[in-house]
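Taking it in order: structure first as structure tokens, then the write-up.
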Amino acid sequence: MEQIEQLRQTLRQYEYEYHVLDNPSVPDAEYDRLMNELKNIEWQHPELITLDSPTQRVGAKPLAGFAQVIHKIPMLSLDNAFGDDDLDGFLRRIESYIHVSSSQLTFCCEPKLDGLAVSILYENGLLTRAATRGDGTTGEDITANIRTIRNIPLKLNTLNPPARLEVRGEVFMPQVGFNELNEKALAKGEKTFANPRNAAAGSLRQLDPKITRQRPLIFNAYGIGVYESDDELPNTQFERLQWLKSLGIPVNDEICLAQGRTALLAYYTDIQTKRPTLGYDIDGTVLKVNDIALQEQLGFISRSPRWAIAYKFPAQEQMTI
Ligand SMILES: Cc1ccc(Cn2cc(C(N)=O)ccc2=O)c(C)c1
């Protein structure tokens, strides 16, 4: 591999360690030195610049507007009729539909991140397009802004990438970053955001990626949309998320498997207990039937899946300031 690609791969590895594993192997100054070295080489030889170079995270100029993106596979939102249902209603519907006791069913359980759902498309391993959920069918093209989020890889960490992989997940802003952003905005007499979710939404809807780049945004994947490859995907939700992780895509650390009602309640309670210490806003948990074939058999009730609910916490009493 030629020297410049070796340098890029090293920088990708350092970014992965720092932004995804939160465990850098080199000091910031060393990363900075190598990044400046790459920038100099590309400055002298612009013809060598590639879409997936670590230097290509910030778009050149602000957009005039956002193009529309049609989602081939609708992006569902769990906040609908059956979304935040009670657990027993959810389990009963499954049992009566596929005649299996819920005590025999394994669920993939994850925290319900309070951010913005996005779709990120990788073609032959390169990040080529990203979009908001929008109304589930039509979203906005926010590729330039998504490329600035440091824990989102511009290139998948695999020697044989799928022809097409659409990664779905949540972009959110940690509470510390949110508070710092609002303090800075106050100091500059700019508008502040009501909560981290609004701050994340506002940051992704910036027409200038240089502004988005300065916002402390984090991405966590929770699913797969379009997939085109000679290889099959794993058969369960949990294994698919592990596979995404192996490609360098960040997945939340609180995701676990639980079998049966008691284990589901234990997960729900565990996350509720952890909630104040996570460092980011969540508004409950998302419980999904783990087996993909079962998910497909269960399908959807009108627009909401029979195989998943957002099992949310009681609304928190509003802060009185
Ligand atoms: C000057 C400078 C450069 C880089 C960083 C943060 N950081 C560090 C690494 C690293 N150590 O592998 C990788 C990516 C990255 O973004 C800071 C805070 C300041």
Side-chain angles (χ1 to χ4, degrees), residues 1-44 48-60 113 115-116 118 120 122 125-127 130 142-159 161 167 169-185 187-188 196 199-200 202-204 206 208-221 244-253 278-280:
M1 180 192 302
E2 77 275 34
Q3 188 232 357
I4 191 169
E5 191 47 39
Q6 181 63 50
L7 184 49
R8 288 183 181 133
Q9 200 47 39
T10 303
L11 285 162
R12 287 186 196 109
Q13 176 60 24
Y14 290 167
E15 285 175 2
Y16 173 70
E17 291 165 355
Y18 186 91
H19 292 290
V20 179
L21 303 184
D22 194 18
N23 181 23
S25 63
V26 297
D28 297 347
E30 172 61 5
Y31 167 82
D32 205 39
R33 182 182 69 76
L34 289 178
M35 178 58 100
N36 289 329
E37 191 178 316
L38 176 58
K39 282 178 180 170
N40 286 337
I41 297 173
E42 291 183 350
W43 191 79
Q44 287 166 14
L48 294 177
I49 294 175
T50 55
L51 181 68
D52 64 346
S53 174
T55 62
Q56 301 305 303
R57 275 195 180 277
V58 190
L113 304 173
L116 218 62
V118 298
I120 304 176
Y122 289 89
L126 300 191
L127 197 167
I142 53 168
T143 309
N145 289 341
I146 287 291
R147 291 176 66 90
T148 69
I149 299 177
R150 305 300 191 296
N151 80 332
I152 294 176
L154 298 178
K155 178 176 186 273
L156 297 178
N157 183 23
T158 170
L159 293 175
V167 178
E170 199 88 357
V171 171
F172 60 97
M173 189 179 290
Q175 289 150 350
V176 167
F178 168 71
N179 294 333
E180 287 168 357
L181 175 65
N182 267 356
E183 273 158 30
K184 280 185 211 150
K188 286 189 279 182
S203 302
L204 282 180
Q206 280 294 331
D208 185 355
K210 286 188 178 53
I211 296 177
T212 308
R213 188 187 194 299
Q214 289 153 7
R215 301 290 171 85
L217 296 174
I218 292 181
F219 173 74
N220 277 183
L244 290 181
K245 239 179 186 169
S246 75
L247 296 176
I249 292 165
V251 172
N252 193 280
D253 293 332
L278 290 173
Y280 49 86

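Heavy atoms only: backbone and side chains are in, while hydrogens, waters and symmetry mates are out. Counting starts at 1 for both ligands and their atoms, following the listed order. FYI, the numbering just counts along the sequence from 1. Note that the structure is predicted; figures quoted are calculated from it, not measured.
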task: Indicate yes or no: does Arg8 engage Glu42 in a salt bridge with an N to O separation below 4.0 Å.
output: yes
message: Taking Arg33 first and then Glu37, would you say they form a salt bridge - that is, a charged N and a carboxylate O separated by under 4.0 Å?
response: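 Salt bridge flag = yes for Glu37 with Arg33.
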field: Glu15 versus Tyr31, side-chain donor and acceptor atoms under 3.5 Å
entry: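 Yes, side-chain donor-acceptor contact under 3.5 Å.
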field: No-hydrogen, no-angle side-chain donor-acceptor test under 3.5 Å, Thr148 and Arg57
entry: no
More than 12 heavy atoms of other groups within 6.0 Å of Glu2 CD: yes
- prompt: Would the number of heavy atoms belonging to other residues, nucleotides or ligands and lying under 6.0 Å from CG of Asn40 be above 12?
  reply: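 For Asn40, atom CG is crowded (more than 12 foreign heavy atoms under 6.0 Å).
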Just list the N/O pairs, ligand 1 to protein, that are under 3.5 Å apart, with the distance for each.
| unit_1 | atom_1 | unit_2 | atom_2 | d |
| --- | --- | --- | --- | --- |
| ligand 1 | 11 (N) | Val26 | O | 2.9 |
| ligand 1 | 11 (N) | Asp28 | OD1 | 3.0 |
| ligand 1 | 16 (O) | His19 | NE2 | 3.0 |

